[in-house]
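To find a chain, count down the sequence lines: A is the first, B the second, and so on, and within it residues start at 1. Just so you know, these numbers come straight off a predicted model, no measurement behind them.
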Amino acid sequence: MESYLETRYETIKSSVHGMADKVVEAVLAAEKSFETRDVVAAQGVVDSDVVINETERRLDKELFAFEALTAPHASDLRFIVASVRIVKDLERIGDHAVNIAEMAIRANEIDSDKKSITPLTAQIAKAATSMFTQAVAAFHNNDYDAAMAVLVLDSHVDALCIQIEKEIIAKVSGAPEAAEALLITLLAGREWERIADLATNIAEEIVFILKSWDIKHNHYENPEEFA
Amino acid sequence: MNNESAKIETRDLNLFYGTTQALKSVSLSVQEREVTALIGPSGCGKSTWLRCLNRMNEMIPGVSINGGVLLDGVDIYGKSVDAVEVRKRIGMIFQKSNPFPQSIFENIAYGMRLQGINKHADLHVIVERSLRRAALWDEVKDVLKKSALALSGGQQQRLCIARALAVEPSVLLMDEPASALDPLSTSKIEDLICELKESCTIVIVTHNMQQAARVSDKTAFFFEGELIEFGATDILFTAPTKRKTEDYITGRFG
Ligand SMILES: Nc1ncnc2c1ncn2[C@@H]1O[C@H](COP(=O)(O)OP(=O)(O)O)[C@@H](O)[C@H]1O
Ligand SMILES: [Mg+2]
């Protein structure tokens, strides 16, 4: 039989997981809207942000109360502490998805034939999205290996971001009339880089929940595992 | 876990009540001037282990003990060691406070008289010092002649602590000292524990995990007579290494 406390713990856990799923939806929609200039999908991302924001506020309150009222220990405690941080990262990711969606709407107005989109744009969007969805899947499945696998992808996204910047700078001098659209592409690349970075944070939090290790900022300090 | 600098230590300690084994090869060392908390489900052997530290189990018929119990490196079950001497150096506080049905003053003075201290002035010095150390002096200094039984539960418990402190023990064993007390009295006992560890080594059995987390430096988790895990309290409560510990402290037992 599940105890009262376990039920309560499972409830809050599924709320945090639920928020992660909502943000995954927003990110997937943002990716699609930018690639295809789907303004309806883009507007959907913008509109759903308020729900994500409210969920953050509600979960802040619930996590805080859970901590105060049940005094959790060990993995329960680590889950609660990490979730406070994960919820914050999720909300930020939601904001970046909104930024990308707004850029999609603006880009559609000034560059409807998608001249400013390059293969690299699609690549970075895909890479960052998949890092984030993998991190959320690892969260759902308590999957340490999957969380660790997310971490190694971050440098790839960083490299893509730099490549995009170079590409755009080169293009702008040849086509000053397309400057705004090109700039949007560059800025969108930055947004994806931020999302990938926050996905990395989430993966690190999962490692903390599962193993109690703080591996942030490349502190792979557990000897048995990382030596 | 054997340690040269341990204040008190058991090595492969086994204890049987008749044929029932209540402690299974428990090796655990308590460092000087630290608070060590013992946690674990009822009947796991916490009190039994605690009682071994001041030779209280040998008063129970049918008990057999083997293994070592060392106080400052000396086996307290050694032939040349007197159990009464051991109990003087290792005070004990129980869940149910047990003051004598006498005055507050006499509760502390009684043991001193047994030791041959009879001058009132000398006794008064000890009574005052002990009550101050037990954080009770200010509350009782004007009513020392009153019956100890008129004190509140929390005050009675602090009186028992004062009584234990009168003989200046170097180790204080506490078996659920606050489990019958209200939160305010409990927090006074907890404050007291934190003060006393400056001068005493303290081992506390508690059912209250938050209490163990609050007051102790190290925590030992017992289960079915075995020591399952022992370590720094902050680690044990955030990242225990044993499955059983994890299940117990997260309340997923059974
Ligand atoms: N005086 C005794 N005689 C026989 N069995 C005892 C006695 N005291 C304790 N026990 C048994 O030893 C085991 C450990 O008890 P105890 O040390 O009191 O556990 P805890 O303090 O962790 O609740 C239990 O199974 C208990 O029933
Ligand atoms: Mg007991």
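For CZ of A:R57, the number of neighbouring non-hydrogen atoms (other residues, nucleotides, ligands) closer than 6.0 Å is 12 at most. For A:K13, the NZ atom is densely surrounded, since the number of other residues' heavy atoms within 6.0 Å is greater than 12. Around the CZ atom of B:R214, the shell of radius 6.0 Å holds more than 12 heavy atoms that belong to other residues, nucleotides or ligands. Environment of NZ in B:K24: crowded, with over 12 heavy atoms of neighbouring residues, nucleotides or ligands closer than 6.0 Å.
Of the possible polar contacts, none joining the B:E246 side chain to the A:A74 backbone as a donor-acceptor pair under 3.5 Å is found.
The candidate from A:D76, A:V81, A:T70, A:L77 with the greatest count of non-hydrogen atom pairs under 4.5 Å with chain B is A:D76. Options B:T238, B:T245, B:L236, B:I235 differ in how many heavy-atom pairs under 4.5 Å they form with chain A, and the most are formed by B:T238.
Nearest heavy-atom pair, B:A239 versus A:R78, reported as atom, atom and distance to 0.1 Å: CA-NH1, 3.5 Å.
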